Participant: 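Dropping a structure here in structure tokens format, bear with me for questions.
Everything numeric here is computed off the predicted structure, so don't read it as measured data. Lettering follows sequence order; numbering is per chain, from 1.
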Amino acid sequence: MAVPAIRTEGLTKRYGTSTALCELDLELDPGEVVGYLGPNGAGKTTTIRLLLGLSRPTAGRAEIFGFDCQRQTVAAHRRLTYVPAEANLWPSLTGEETLHLLGRVQGRVDLGYREELVARFDLDLTKKVSVYSKGNRQKVLLIAALMSRPDLLVLDEPTGGLDPLMEQAFRLSVREAREHGQTVFLSSHLLSEVEVLCDRVAILRGGRLAEIATLAQLRHLSALSVEATFGGVPPDLSRVPGVVRAVADGCDVHLQLQGSIAPLIEALAGTDLRGLLSREASLEDLFLAYYGPSQVLDQDAPPAVVAAGKSDLP
Amino acid sequence: MSTMLVGPQRGDLTAVSTHPATILGKVVARQASRSGALWGLAFGVFIVTQTFAYTSQYKTQAARDGLARAYGTNLGLNALLGQAKALNNVAGWAEWRFIGILTILGSVWGLLTATRLLRGEEEAGRLDLFLVGQTTQRAAAIQAVAGLGVGLVAMFTAITAGTLIAGHLSSVGLTLGQCFALSLTLVAGPAMFLAVGALASQLANTRRRAAAVAGALFGVVYAIRMIADTNTSVHWLIWLSPLGWIEESRPLTGHKLLLLLLVLALTITTAVAACWLAQRHDVGAAIFAGSNASAAHVRLLGSPAGLAVRLVRSSVAGWLLAVAAFALLVGMTAESATTDESGSSGIEHALSRLGRHGSPVEDYLGLTMLIVAVIVALVAASQITAIRGEEADGHLEVLLVRPLRRTSWFAGRVALSIFVLVATGVVGGIGTWAGAATQHADISFGSLITAGLNVVPPSLLLFGLGALTHGLWPKATTTVVYGYLAWSFLIELAGGLIKMGHWLLDTSVFFHMAPAPAVSSNWSSAAVLTGLGIAGTVIGGLFFHHRDLQNL
Ligand SMILES: Nc1ncnc2c1ncn2[C@@H]1O[C@H](COP(=O)(O)OP(=O)(O)O)[C@@H](O)[C@H]1O
Ligand SMILES: [Mg+2]
């Protein structure tokens, strides 16, 4: 059996009394593209900094291709490259100089691929970093990470400053990496990005791993997304077996369904139902389902909807 | 349960400012006055406690005459603080001492505050937030400068409280007018360098560069004043330095207060120039912005060590040039300064705390090498804060996620820093020798090289302290290093005049350095300083290896 690209055992990080990451057990096979999802503050960056040996764990351990992340950092780092969410580079260096430096420190560069990437990301390397936009600085680090063709790419929300065109270039590059058998660990808040790129998705919630599964498995867990429209005030459907989430919005109700749809059809019989729309759950639906209706209601829904929803759900 | 949400927070635009166009000025004024009041308060406390110490230690006229004889012609102190005219009365003493010390510190405050609040804010992009409002760049600059003025008033108020209390001590008895005149003179330096900082903020495109430009200007006018005060044959040079005008105003004994009008005129001109230039560059850019693009120079960029050299080389070159120029000037004037009549009588006492001393020239150079020691210590402080800065700015993690050991990176930066410190000290020695050689002064090359090396150990101790802090509590590095440096400097200055407990003098790192070439170097003390510095660096490096990397 191949050595896992990433393996963590009970990896834990506490800052004072608050726990940023709690007993994470994670294993990535070589060649996998894994998405790492979680709301802000879930502990994604914390995990990655522990994997890179930038932070020291409170408990547990982590390995990259069998090398301990804390004690054998240099050996581990020979196999990986990393793109952070915030691209902090030396303002006095030009893009060209930065790429040269990072290639030398990394120790290996595919020069032909480097030129291809520079063209693909449409980056002017003669400019100084001080005049680059956030997106351009991000591109420098993306090119630097990809041009070494590492066995493992660790990406922490790498597309924050990129425009849609560049986002496409990024997706193309990740697919190429996968075709080359490289492993990709992609922390992201762009669900669509994870949905199209990743074989498996790990979902982090409050520092704990809530789920890790393939998209197909996740879809199976939460089979359907249903939208029901009523003639008047919608009935309370949150107690119907299989319904994991119900949000009322005027005369509409958005439902998240797990398992059979039969109990819902039964419950709808005899109501003033005007329309019913069902589709396969998107990753966004899955994601929202993991963070529970209460959170969704509190944070994301405008106050009017909360009021309506609450008044109808006793 | 049915809830009706009515949103008072939403859609309800409350006027939060009655004069939206002046909001920037208010923000700057708030920050500047907080800092000005704090520094003014420290100055006030210094004035009161020092005055109290003088009057209680030198009670009789005989004692004060003794003090004046001992220190009045002390060239080292004259160089640092300006010419002492009448130390045998409290007015003459207070005017010399307070204007000498506080003008230096206040000017540094002024240039740091102005560049922080103007260029720093613009660099961070916060000025954009104001400029999308109802303000033009020039109006914004005028507001910001006015805000700095408010900070100056806060400082003046706090200082005046100090001078009033000190002046009304029963044994002092300054008039109200004298207290105000002294306070006014004390804020002249800060005012001028607030304006210089504002101007530099328009010229340079980063806060560091702006502060460096303003700092260099301060260095030049301070050096001119220093040369003028140590060498009567070129005393006319004092009129070339605004710091000289402040010194010559002598508000308590000479009453040449009108000289402050010159300072005022220069300050206003500088401030107006700053406001005028503000309109002549883009927001976030500067008059001398440097180039936005350049051909790649990758010779040094093959390794982290090369990168370190590339990052520090321009600031190090600046320091070396400054030290070389200072040392050369000092060397060239050493002979005439010490053969001068007033000089030779005072020099006898200049090193009284040291017992044995050499020829007058050697004594003089011993004191000027002390200033080189302070500069080398400043270089040490800037090196360790630059090391911390790489981490704080998030640059370091870009390197450390690659196959590079944290300890090797740190060791490389430490080695480079130590090399720079030794080089700065040696350049100080060689520069002094070269300057002295032009005047055929009788002092050997070897003894000045030794004197140059002699100033390095204190800076190593400071560096070690910084490295230890960097390992244990990285965010405090800058504060601890510059705080301890300022403390040592103040103790050294104060120790020359007011009797202090030995334990207090011992806390100054400079006190443990023999002022070579006036006396021979104390190598055992130097070894202890070096050893402590290395130990601090090694322990700090170990803690750094085991801790989390911490961005700002
Ligand atoms: N250096 C730190 N000190 C204290 N708390 C931290 C530190 N870094 C992260 N945290 C906390 O740890 C939690 C996880 O943060 P992070 O890993 O950055 O989240 P994510 O990347 O998923 O948005 C957050 O609650 C954050 O406030
Ligand atoms: Mg994050």
Side-chain angles (χ1 to χ4, degrees), chain A residues 13 15 48-56 70 73-84 86-108 124-128 130-131 141 144-145 148 154 302-308 310-312 314, chain B residues 1-7 9-10 123 125 205-206 208-209 284-285 289-308 310-311 313-314 389-409 545-552:
Chain A
K13 180 70 184 179
Y15 291 107
I48 288 173
R49 293 180 73 82
L50 289 168
L51 288 174
L52 295 167
L54 295 176
S55 300
R56 308 303 186 196
Q70 299 296 323
T73 32
V74 170
H77 289 180
R78 285 217 174 83
R79 307 286 299 271
L80 68 82
T81 56
Y82 159 65
V83 179
E86 282 292 323
N88 296 309
L89 295 167
W90 300 272
S92 58
L93 302 191
T94 65
E96 179 79 44
E97 291 169 336
T98 309
L99 282 185
H100 177 91
L101 170 76
L102 296 183
R104 283 299 188 86
V105 180
Q106 187 66 42
R108 66 180 208 189
D124 180 355
L125 288 180
T126 62
K127 291 257 174 65
K128 282 196 177 160
S130 55
V131 295
L141 283 180
S148 297
V154 180
V305 179
V306 178
K310 279 194 179 148
S311 65
D312 290 335
Chain B
M1 184 197 81
S2 191
T3 329
M4 189 67 169
L5 281 188
V6 184
Q9 305 95 330
R10 282 200 177 197
E123 195 186 354
N205 63 346
T206 66
R208 273 183 66 137
R209 270 184 217 154
S291 60
N292 288 341
S294 85
H297 300 285
V298 294
R299 195 168 48 84
L300 287 170
L301 297 179
S303 67
L307 172 70
R310 164 117 180 212
L311 293 177
R313 64 182 175 185
S314 53
E390 280 288 278
E391 179 187 359
D393 294 343
H395 301 156
L396 179 55
E397 69 175 48
V398 179
L399 292 178
L400 289 189
V401 297
R402 297 185 152 77
L404 170 67
R405 225 176 286 280
R406 236 191 247 197
T407 38
S408 349
W409 175 82
H545 181 65
H546 288 289
R547 70 167 165 81
D548 294 352
L549 228 52
Q550 291 176 29
N551 295 3
L552 215 58

Participant: Side chains of A/R104 and B/V298: closer than 4.5 Å at any heavy-atom pair?
Facilitator: no
Participant: Which atom names give the shortest non-hydrogen contact between B/L549 and A/R49, and what distance separates them?
Facilitator: O-NH2, 3.4 Å
Participant: Contact part of A/V131 toward chain B, heavy-atom cut-off under 4.5 Å: side chain, backbone, both or neither?
Facilitator: side chain
Participant: Could you tell me whether the side chain of A/E97 and the main chain of B/H297 form a donor-acceptor pair under 3.5 Å?
Facilitator: yes
Participant: Where on A/L102 is there a heavy atom nearer than 4.5 Å to chain B: the side chain, the backbone, both, or neither?
Facilitator: both
Participant: So which part of A/T126 gets closer than 4.5 Å to some heavy atom of chain B, the side chain, the backbone, both or neither?
Facilitator: both
Participant: With no hydrogens and no angle check, is any side-chain donor or acceptor of A/H77 less than 3.5 Å from a backbone partner on B/P403?
Facilitator: no
Participant: Check A/H100 against B/L301 and note the closest heavy-atom contact, atom names and distance.
Facilitator: CD2-O, 3.4 Å
Participant: State, to 0.1 Å, how close B/L307 and A/L101 come at their nearest heavy-atom pair, and which atoms those are.
Facilitator: CD2-CD2, 3.8 Å
Participant: Between A/T94, A/V105, A/V154, which residue shows the highest count of heavy-atom pairs closer than 4.5 Å to chain B?
Facilitator: A/V105
Participant: When only pairs under 4.5 Å are counted, which of B/E390, B/Q550, B/R406 shares the most heavy-atom pairs with chain A?
Facilitator: B/R406
Participant: Roughly how far apart are B/N551 CG and A/E86 CD, rounded to 0.5 Å?
Facilitator: 9.5 Å
Participant: If I measure from the heavy atoms of chain A, does B/S303 come under 4.5 Å with its side chain, its backbone, both, or neither?
Facilitator: backbone
Participant: In terms of heavy-atom pairs under 4.5 Å, which option from A/R78, A/K127, A/Q106 contacts chain B the most?
Facilitator: A/Q106
Participant: Closest heavy-atom contact between B/H395 and A/P91?
Facilitator: CE1-CD, 3.9 Å
Participant: Which atoms of A/A75 are under 4.5 Å from chain B, going by heavy atoms: the side chain, the backbone, both sets, or neither?
Facilitator: neither
Participant: Among B/T206, B/V398, B/L300, B/N205, which residue forms the greatest number of heavy-atom pairs with chain A at distances under 4.5 Å?
Facilitator: B/V398
Participant: Calculate, to the nearest 0.5 Å, the distance between atoms CD and CG belonging to B/E397 and A/L52 respectively.
Facilitator: 8.5 Å
Participant: Measure distances from A/T73 to the heavy atoms of chain B and classify the residue's part below 4.5 Å as side chain, backbone, both or neither.
Facilitator: neither
Participant: Return the minimal non-hydrogen interatomic distance between A/V74 and B/R405, and the atom names on each side.
Facilitator: CG2-N, 3.9 Å
Participant: Between B/D548 and A/S55, which heavy-atom pair has the shortest distance, and what is it?
Facilitator: OD1-CA, 3.3 Å
Participant: Give the member of B/V401, B/L400, B/L399 that has the highest number of heavy-atom pairs under 4.5 Å with chain A.
Facilitator: B/V401
Participant: Once side chain to side chain donor-acceptor pair (under 3.5 Å) is applied, do any residues pair with A/Q70, and if so which ones, sequence neighbours excluded?
Facilitator: A/R56
Participant: Quick one: pull up CD in B/E391 and CG in A/L54 and give me the separation to the nearest 0.5 Å.
Facilitator: 10.0 Å
Participant: Check whether B/R547 gets within reach of chain A through its side chain, its backbone, both or neither, counting any heavy atom under 4.5 Å.
Facilitator: backbone
